[in-house]
Amino acid sequence: MKKKRILGSAVLSLAMGVSMFATGAFGAGSSESQDTYRVLIQGPSSEKAKVKDQYGERWNFGSEGFTTEVNGKQYQALLNNKNLNITRVEQITVDGRVDANGKGKGDYTVQAAYPSDQTPWGIQAIYNDNNITYTTGGDGIKVAVLDTGVNRNHIDLTDNVEQCKDFTQTSSSMVNGSCTDRQGHGTHVSGTVLANGGYDGAGVYGVAPDAELWAFKVLGDNGSGYSDDIAGAIRHAADEGVRTGTKVVISMSLGSSGKDSMIASAVDYAYGKGALVVAAAGNSGPSANTIGYPGALTNAIAVASLDNTFVNGTHKVSDFSSRGNPNTDGDYYIQEKDVEVSAPGGGIYSTAVDGNYTTMSGTSMATPHISGLAAKLWSSNKSWSNAQLRSEIQRRAKLYDIKGGTGAATGDDYASGFGFPRVK
């Protein structure tokens, strides 16, 4: 029996601008100003074992070392140990807040108003054909959304939540059954991937409404998270795909201007295990060479943002969207720091953390369009490898090259990559 939708709650109005990609706030604060330090321990096994016995272990990355948390005095003692290499673990921060009234704090009971638009412009654009059914797609594909968590009670998401895990807890490396979103970003992103219209079919729809959601909370309630938690979640998603024998898309609407070794290694690990990794390009445009990490990594698909504005018959790349290297334009080859594809990211309407719906902008919003597209294509072609799926996404994008106009196939450019891939 379908649950009754309760009307009346006002739709949230965000004042977050365009900086929804988790822009580079790595390493915030000096070592002297903090009481607790997250550090990566590297060195001889015997020396690492001593530290592990003394301080414990948060994440173990094998030969790459392990992370732990220490106080200021312990941190200085570790730095004085000439047999060890001690590195501060970097942080990523989601820019902005849910709204000016402080809403968006925790998981809400389902009391959602009907959405003003069941198929937001981004969904309409990526389908590009009124004859294609947008209410299905993605069945059997797992989409791991690494973000601020999700409101698993949202009427348009609750049936799709298969895993809910928190990687941010200090008492444990991971907490099962907990993924509370108190920031709003993760709930919005998840809706664009796979919102299913709710119990009565009158809700909003994402790109792949039959896909299963793995909601992995890697950013804290303030929108800030550590790179080792993110790396651990990436590896866990890949391992879960192998364990369950299913295809996994890892979607990350977060990043930094700097390259983090733990995240880079985790992305390579996940890609090697067969997962497809999709990440935001960043909101540091329109200057060239501003793409962020992990999107800039060669084993991740970097997604730029498009506006609902047309130039030469096709969508305009958002001014805020980070750009890649203009010297590699038209080479049909994705290198590090290249944008790979682009998707709707300006003014995207999706699920809100209080159970309603709201609009946000950024490459954070473009990324889940591609993650959802990947899930939809993979569900119909489960024999494909992640590399084959990636090639197909690039092939479809060539048909809608942003630089050359609709129908052009001129290769990739530094602003839009191969262009805007679509369902058809």
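FYI, side chains are in, hydrogens and waters are out, and symmetry mates aren't considered; it's all heavy atoms of this structure.
Between the CG atom in Asp35 and the CD atom in Glu69 there is a gap of 12.0 Å [rounded to 0.5 Å]. One distance of note links CD1 of Ile301 with CD1 of Ile250; it measures 11.5 Å at 0.5 Å rounding.
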Q) Could you walk me through whether Thr298 and Ile334 pass the side-chain contact (heavy atoms from CB on, under 4.5 Å) check? A) CA-CA 7 Å; Thr298 55; Ile334 295 299; 5.8 Å; no

Q | side-chain contact (heavy atoms from CB on, under 4.5 Å) between Leu276 and Trp378, intermediate numbers included | A | CA-CA 10 Å; Leu276 187 75; Trp378 223 350; 4.1 Å; yes

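Comment: Glu162 engages Lys142 in a salt bridge, judged by a side-chain N to carboxylate O separation of less than 4.0 angstrom.
Legend: residues meeting side-chain contact (heavy atoms from CB on, under 4.5 Å) with Pro286, ordered by chain and number and at least two apart, are Arg323. Residues satisfying the side-chain hydrogen bond (donor to acceptor under 3.5 Å, both in side chains) criterion with Asp239, sequence neighbours excluded, are Tyr269. Applying the side-chain hydrogen bond (donor to acceptor under 3.5 Å, both in side chains) criterion to Asp268, with sequence neighbours excluded, gives Asn299. By the side-chain hydrogen bond (donor to acceptor under 3.5 Å, both in side chains) test, Asp307 is found to be paired with Ser318, residues two or more places apart in sequence or in another chain being considered. When the side-chain hydrogen bond (donor to acceptor under 3.5 Å, both in side chains) test is applied to Lys165, the partners found at least two apart in sequence or on another chain are Gln163, His236.
A donor-acceptor contact closer than 3.5 angstrom is absent between the side chains of Thr119 and Tyr134. When only modelled atom types and interatomic distance are considered, Ser256 and Glu90 share no side-chain donor-acceptor pair under 3.5 Å. Gln76 and Tyr37 share no side-chain donor-acceptor pair at under 3.5 Å. In this structure, a donor-acceptor pair under 3.5 Å is absent between the side chains of Thr187 and His154.
Sorted by first and then second residue, the salt bridge (Lys or Arg N to Asp or Glu O under 4.0 Å) pairs involving residues 54-63 (not counting sequence neighbours) are Lys52-Glu57, Arg58-Asp229.
Screening Asn222, Asp181, Asp221 for a side-chain hydrogen bond (donor to acceptor under 3.5 Å, both in side chains) with Thr148, the sole residue that qualifies is Asp181.
Within a 6.0 Å radius of NZ in Lys247, other residues, nucleotides and ligands contribute more than 12 heavy atoms.
Ring-plane geometry between Phe420 and His315 is classed as perpendicular, the angle between the planes exceeding 60 degrees on a 0 to 90 degree scale with a lower cut at 30.
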